[in-house]
Amino acid sequence: MENNKVEVIVVGAGPAGVSSAITLARAGKKVLLIDRADNAGDKNMFGGTIYAKQTAEIFPKFWESAPVERAITEHKIFMLTDFDSTQYSYRYSSKGAYKAFTVIRSKWDKWCVEQAQKEGVYYAPKTLVKELLIDNGKVAGVKTQFEDFYSDMVIIADGVNSLLAKQIGLRKEFTDSDMTLNVKEVFKLPKQRLEDRFNLDENTGSAVRILGGPLKDMFAMGFMYTNKDTVSIGFGVSLDELKKQKVSPYELLDDLKEHPSVAPYIKDGELVEYSAHMIPEGSFNHIPKVFDNRVLLVGDAAGFVDNIHLEGTNLAMLSGKLAAETAVFAIEKGDFSASTLSLYYKKLKDSIIIKDLKTHNNTINVLKKNILTLTTLCPNLACEFFEMFTSADEISKRVKYRKFLSEVLKSGVIFKMMPLAFYALGRCIKK
C-alpha cells in the first residue's frame, strides 16, 4: 500500500466488511480492511448461526476448512408457561447438504479475515477509525488514531451504532423502538453429555426458539444453540419493551435458565462467556440512505436485519458482496458519484434483502400489538390442551373437550389471532 492510498477502504471486519473486502480483492482491487478489535470477532456477538447458501457465495465449501461448530439439522420451538411447556420440533435429513451451521464469532471472524488476507486484502486490526476524511464535500478516506488513509471510496461496515454513517448524514440515531438488546451466556459441557441431552449425532446441532415463560407479556424471544462442547442461551428483547416492563435483562436471563424445561439442557455447565449487543430490529421503513458520493453502507450499519427469522449474518454478507460489486463497477468506470453508486440499491432491491424486509415491513408492530396472545395466551392454551389430552381420570373425554373448547372461546384467542392471520396472508399475496 503506497502513500496510504488504496482504491477502497472497508471499515469493520464483521461479516459485511469481510465480504466486501474479499470480493474486491478477488476482482483485483486494492482494498484496506480496518477493525478496532485486537482480533476480528472479539467484539462481535450473535446467537448464532450462519446460513450455508450466502456464506458459500463468499467462501465456497467453507465447511471443509472453516471453524464451524455443528450443522443445524433440528429446529425447535418451546412455548413456555410459568412451569410447563409445549415443544415443537422439525428435523431434516441433510443428505450432505446442510442449510446452516453454528459458529463462534471469535473463531469464525478470524478465519474469514485470514481468507481475505490470502486474497490480498490489507488488514489493519487494533485501529480505531475516528472519522471520515472529507475533501471538497466528498469522502476521501478515513482518520484513525494513528494516521490518515486515503481511498477512492469507503464502505462503512462499522455496526449498528455507525458513527461514520451519522457523520455524513446517511442515517440518524435509531430510537429505542428500532433496537433490540440481545444477551447471551455460553455454558461448557462434555461433548457426549451435550449430544445426549439434545439427542444429536457427533456433528449435528439444534437451534431452539423460546416464547413465553419469563419472557411473557413482552416482545422478546429466547434461544439456545448447540456448539461442539458448549450451549449458547439467551434472548433478544425490544429496547422500548425492556424499559416499559422495568426489568433487568440479567434477571430475565437467570429466570429463563431456571425454567424447568430449559434448566436440564445446561445443568452443571461451566459458564465461559457472557455478552450483550444491540441490533437493529429490521424494518424496510427504517432503512437509511445506503449510498452517496464515494461511500456505501452495509450490514447492521444499514439496518439489514430480519428479526422475524433471526437473520442478520447472511444479509450482512450478501450486502457486503453487492456493495463490493458496485465498487468494482465504479472503479472500472472511474466514477464514484452517488448516481453511479445507486447501482448498489438496485442490487439490494433485486436481492432477498429488500424483498424480505418489505415482506416483514410492519410485522414487528403487528406482533407487538398482539404480544399477550403470542407469549402468554397461546403457550397457556397449548400446555393446557396437551395436559388434558395426555391425562386419564374419572372425567370423560367429551366433558374435557367441551370444557377446553369453552375456555378457548372465552379467551378470544381465535379472534385475537385473526388480525395476525390476515396480515400474514396479505404479506404472502402482496407483490
Side-chain angles (χ1 to χ4, degrees), residues 1-38 40 43 112-113 116-117 119-171 288-302 316 319-345:
M1 184 168 57
E2 298 180 1
N3 301 319
N4 284 10
K5 175 73 188 305
V6 292
E7 290 170 295
V8 181
I9 293 174
V10 180
V11 182
V18 170
S19 297
S20 291
I22 200 167
T23 301
L24 283 159
R26 287 170 178 165
K29 309 307 175 187
K30 292 182 179 180
V31 54
L32 171 64
L33 177 63
I34 302 177
D35 196 77
R36 64 190 177 98
D38 291 355
K43 296 182 180 297
C112 290
V113 168
Q117 290 179 286
E119 298 281 359
V121 171
Y122 298 105
Y123 176 51
K126 307 179 187 179
T127 303
L128 175 65
V129 174
K130 293 187 173 181
E131 61 182 3
L132 295 167
L133 296 173
I134 307 297
D135 183 19
N136 292 324
K138 297 180 180 179
V139 173
V142 300
K143 176 182 289 293
T144 75
Q145 81 269 38
F146 302 119
E147 54 190 322
D148 296 345
F149 294 94
Y150 300 91
S151 62
D152 295 319
M153 60 177 295
V154 175
I155 295 177
I156 299 175
D158 58 348
V160 63
N161 291 317
S162 193
L163 299 178
L164 301 183
K166 296 171 191 173
Q167 176 194 343
I168 55 175
L170 281 182
R171 51 164 272 200
K289 186 178 180 182
V290 295
F291 65 91
D292 205 345
N293 295 315
R294 297 179 177 269
V295 65
L296 296 173
L297 198 59
V298 298
D300 280 7
S319 68
K321 176 175 178 287
L322 297 179
E325 292 173 351
T326 303
V328 170
F329 174 76
I331 292 169
E332 295 179 348
K333 186 179 179 181
D335 181 358
F336 305 97
S337 66
S339 176
T340 293
L341 296 183
S342 67
L343 173 64
Y344 173 50
Y345 191 71

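- Residues T127 and D35 form no side-chain contact, since every pair of their non-hydrogen atoms from C-beta on lies 4.5 Å or further apart.
- When all heavy atoms of A13 and Y123 are compared, the closest pair comes out as CB-CE1, 4.2 Å.
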Note to self: Could you go through L33 and V18, starting from their C-alpha distance and side-chain angles, then the distance that decides it, and tell me whether this counts as side chain to side chain contact (heavy atoms under 4.5 Å, CB included)?
What the structure shows: CA-CA 8 Å; L33 177 63; V18 170; 4.1 Å; yes
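- At least one side-chain heavy atom of V142 sits under 4.5 Å from a side-chain heavy atom of I34.
- Annotation: the span from L132 atom CG to I156 atom CD1 amounts to 5.0 Å, rounded to 0.5 Å.
- Although no hydrogens or angles enter the test, the distance criterion places no donor-acceptor pair under 3.5 Å between the side chain of D135 and the main chain of A140.
- One finds the OH atom of Y344 at 7.0 Å from the CG atom of L297 (value rounded to the nearest 0.5 Å).
- When all heavy atoms of P125 and D38 are compared, the pair lying nearest together is CB-O, 3.7 Å.
- Closest approach of R294 and V139 over heavy atoms only: CD-O, 2.9 Å.
- Rounded to the nearest 0.5 Å, atoms CZ (F146) and NZ (K126) are 9.0 Å apart.
- The side-chain heavy atoms of V31 and I9, taken from C-beta on, include no pair separated by under 4.5 Å.
- Within the 4.5 Å cutoff, the side chain of S151 has no heavy atoms near those of the L32 side chain.
- The main-chain N or O of L322 is found under 3.5 Å from a side-chain atom of T326 such that the two form a donor-acceptor pair.
- Under the side chain to side chain contact (heavy atoms under 4.5 Å, CB included) criterion, K333 pairs with F329, D335, T340, not counting sequence neighbours.
- Remark: K130 NZ is loosely packed, at most 12 non-hydrogen atoms of other residues, nucleotides or ligands lying under 6.0 Å away.
- The closest side-chain heavy-atom distance from S162 to R171 is below 4.5 Å.
- Rounding to the nearest 0.5 Å gives a distance of 6.5 Å between CG of L163 and CG of D158.
- In this structure, A302 and V290 approach most closely via the heavy-atom pair CB-CG1, 3.9 Å.
- Although no hydrogens or angles enter the test, the distance criterion places a donor-acceptor pair under 3.5 Å between the side chain of K166 and the main chain of N161.
- Side-chain atoms of F149 and T144, non-hydrogen and from C-beta on, do get closer than 4.5 Å to each other.
- Between L133 and V154 there is no side-chain heavy-atom pair separated by less than 4.5 Å.
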Next item on the list: Show the numbers, then the answer: is there a salt bridge (Lys or Arg N to Asp or Glu O under 4.0 Å) between E119 and R26?
Entry: CA-CA 6 Å; E119 298 281 359; R26 287 170 178 165; 3.2 Å; yes
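- The line from CD of E325 to OG of S20 is 10.0 Å long, rounded to the nearest 0.5 Å.
- Partners of E131 by side chain to side chain contact (heavy atoms under 4.5 Å, CB included), not counting sequence neighbours, listed by chain and number: K143, Q167.
- Ion pair K5/D152 flagged as a salt bridge, since at least one NZ, NE, NH1 or NH2 atom sits closer than 4.0 Å to an Asp/Glu carboxylate oxygen.
- V11 approaches L164 most closely through the heavy-atom pair CG1-CD1, 3.8 Å.
- Looking at every heavy atom in both residues, D292 comes nearest to L170 through CB-CD2, 4.0 Å.
- Under the 4.5 Å side-chain criterion, counting only non-hydrogen atoms from C-beta, V295 is not in contact with K138.
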